[in-house]
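Written out below as structure tokens is the structure these notes cover.
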Amino acid sequence: QQQVKQSPQSLIVQKGGISIINCAYENTAFDYFPWYQQFPGKGPALLIAIRPDVSEKKEGRFTISFNKSAKQFSLHIMDSQPGDSATYFCAASGGNEKLTFGTGTRLTIIP
Amino acid sequence: DVKVTQSSRYLVKRTGEKVFLECVQDMDHENMFWYRQDPGLGLRLIYFSYDVKMKEKGDIPEGYSVSREKKERFSLILESASTNQTSMYLCASSLNQPQHFGDGTRLSIL
């Protein structure tokens with residue numbers, strides 16, 4: 001049973017636009033929500049993470065929005081650039097070091 | 001910077017062979033993980049270890065085993081490789097989050 005649902009599966013955004021990827025979770029014990037970025041031939045790397053005591057976290061052009069009551073969180077990439085083209089994974093963890101991952105979103109930024 | 005090194009980038013093995021995938025981390029992390037990554041399925045946890053000689057099953061442990069004799073090294077073992085184990089295998093380590101990943105081993109079972 002998938003505990004973290006991610007959408008869309010793929011996304012094409014014009015350069016300079018806003019990329020939005022959404023995730024929903026079921027387990028209310030989750031208390032740590034990271035986003036990972038993966039380039040071809042590389043392992044996933046932590047991009048940004050949030051804990052449920054805040055509703056938003058921003059790092060540069062990347063923002064996580066978190067809605068605890070709806071059990072949803074999303075990644076916003078402002079002013080999207082071709083270098084942002086990658087696969088993005090949301091994940092969730094609760095009370096231990098294990099992560100449950102979403103199925104991934106392949107983002108393509110076109111000029 | 002944390003470095004997680006997987007011994008092989010590409011590996012080709014035959015059905016029925018015993019396969020070893022090795023992972024080494026250099027940051028004295030207590031926790032280490034093995035995932036497999038398949039298109040459309042994301043990363044699925046096979047096994048993890050929170051200490052030397054300790055291991056716990058993840059979501060898809062069938063057909064796999066692990067070994068952790070030293071803190072820095074975590075091995076994934078395919079006891080008798082099958083074609084449905086063709087995949088990308090990722091190792092990670094952590095201490096109080098986040099997890100740090102290696103670049104993966106693409107394993108093909110023929």
Side-chain angles (χ1 to χ4, degrees), chain A residues 1-11 21-27 29-53 57 59 62 64 75 86-107, chain B residues 1-10 21 23-25 27-51 54-61 66 68 74 87-106:
Chain A
Q1 181 183 359
Q2 185 187 353
Q3 297 189 50
V4 178
K5 293 186 178 180
Q6 183 172 346
S7 63
Q9 191 172 4
S10 63
L11 181 62
I21 304 170
N22 300 298
C23 283
Y25 63 97
E26 299 166 5
N27 189 344
F30 287 152
D31 62 0
Y32 174 72
F33 302 89
W35 284 90
Y36 280 81
Q37 180 188 53
Q38 184 180 30
F39 293 106
K42 295 291 187 180
L46 179 71
L47 185 63
I48 187 173
I50 197 169
R51 294 196 181 269
D53 51 342
K57 183 174 181 179
E59 290 183 2
F62 301 91
I64 298 179
L75 176 69
T87 299
Y88 293 82
F89 293 96
C90 64
S93 176
N96 55 38
E97 297 282 306
K98 287 173 57 178
L99 287 173
T100 299
F101 283 87
T103 52
T105 297
R106 178 175 283 185
L107 175 64
Chain B
D1 258 6
V2 177
K3 191 164 180 64
V4 178
T5 303
Q6 296 184 231
S7 55
S8 305
R9 292 300 303 274
Y10 302 94
L21 302 183
C23 176
V24 177
Q25 50 97 0
M27 282 301 292
D28 204 35
H29 284 170
E30 293 181 352
N31 307 294
M32 296 189 74
F33 307 83
W34 275 106
Y35 296 88
R36 63 177 284 176
Q37 180 178 7
D38 300 288
L41 296 178
L43 280 71
R44 294 179 292 166
L45 182 63
I46 304 171
Y47 267 98
F48 69 101
S49 169
Y50 52 89
D51 202 350
M54 306 301 288
K55 61 183 180 184
E56 283 198 26
K57 293 180 180 179
D59 299 319
I60 52 165
V66 291
R68 193 165 180 203
F74 193 33
S87 186
M88 170 69 82
Y89 289 88
L90 290 163
C91 174
S93 73
S94 75
L95 179 64
N96 298 325
Q97 301 286 10
Q99 290 186 19
H100 300 266
F101 285 84
D103 286 336
T105 296
R106 186 164 291 282

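Heavy-atom basis, side chains included; hydrogens, waters and symmetry copies ignored. Computed from a predicted structure; not experimentally measured. Labels below follow one simple rule: chain letters A, B, ... track the order of the sequence lines, proteins then strands, and each chain is numbered from 1.
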(message) Strictly by salt bridge (charged side-chain N to carboxylate O under 4.0 Å, His left out), give each pair with a member in residues 27-43 of chain B just once, sequence neighbours left out.
(response) B:Asp28-B:Lys71, B:Arg36-B:Asp38, B:Asp38-B:Arg44
(request) Specify the closest pair of heavy atoms between B:Leu43 and A:Pro44, including all atoms of both residues, with the distance to one decimal. (result) CD2-CG, 4.1 Å
(message) With a 4.5 angstrom heavy-atom cut-off, is it the side chain or the backbone of A:Ser93 that approaches chain B, or both, or neither?
(response) side chain
(request) Please flag which part of B:Leu41 lies under 4.5 Å from any non-hydrogen atom of chain A: side chain, backbone, both or neither. (result) backbone
(request) Answer with side chain, backbone, both or neither: which region of B:Gln37 has an atom nearer than 4.5 Å to a non-hydrogen atom of chain A? (result) side chain
(message) To check you understand the geometry: which heavy-atom pair defines the closest contact between B:Gln99 and A:Tyr36, and what is its length?
(response) O-OH, 2.9 Å
(request) Kindly state each residue pair satisfying salt bridge (charged side-chain N to carboxylate O under 4.0 Å, His left out) with at least one member in residues 87-102 of chain A, sequence neighbours excluded. (result) none
(message) Can you tell me which portion of B:Tyr50 sits under 4.5 Å from chain A's heavy atoms? Options are side chain, backbone, both or neither.
(response) neither
(request) Go through the atoms of A:Leu99 and report whether side chain, backbone, both or neither lie under 4.5 Å from a heavy atom of chain B. (result) both
(request) Measure B:Arg9 against the heavy atoms of chain A and call it side chain, backbone, both or neither at under 4.5 Å. (result) side chain
(request) For residues B:Pro98 and A:Tyr32, report the shortest heavy-atom separation together with the two atoms involved. (result) CB-OH, 3.6 Å
(message) Working to the nearest 0.5 angstrom, can you tell me the gap between B:Asp103 CG and A:Gln38 CD?
(response) 9.0 Å
(message) Given heavy-atom pairs under 4.5 angstrom as the criterion, report whether the side chain, backbone, both or neither of A:Pro34 touches chain B.
(response) neither
(message) Measuring from atom CG of B:Asp59 to atom OG1 of A:Thr100, what distance do you get when rounded to the nearest 0.5 angstrom?
(response) 6.5 Å
(request) Determine the option with the most heavy-atom pairs under 4.5 angstrom with chain A, choosing from B:Ser94, B:Gly104, B:Gly58. (result) B:Ser94
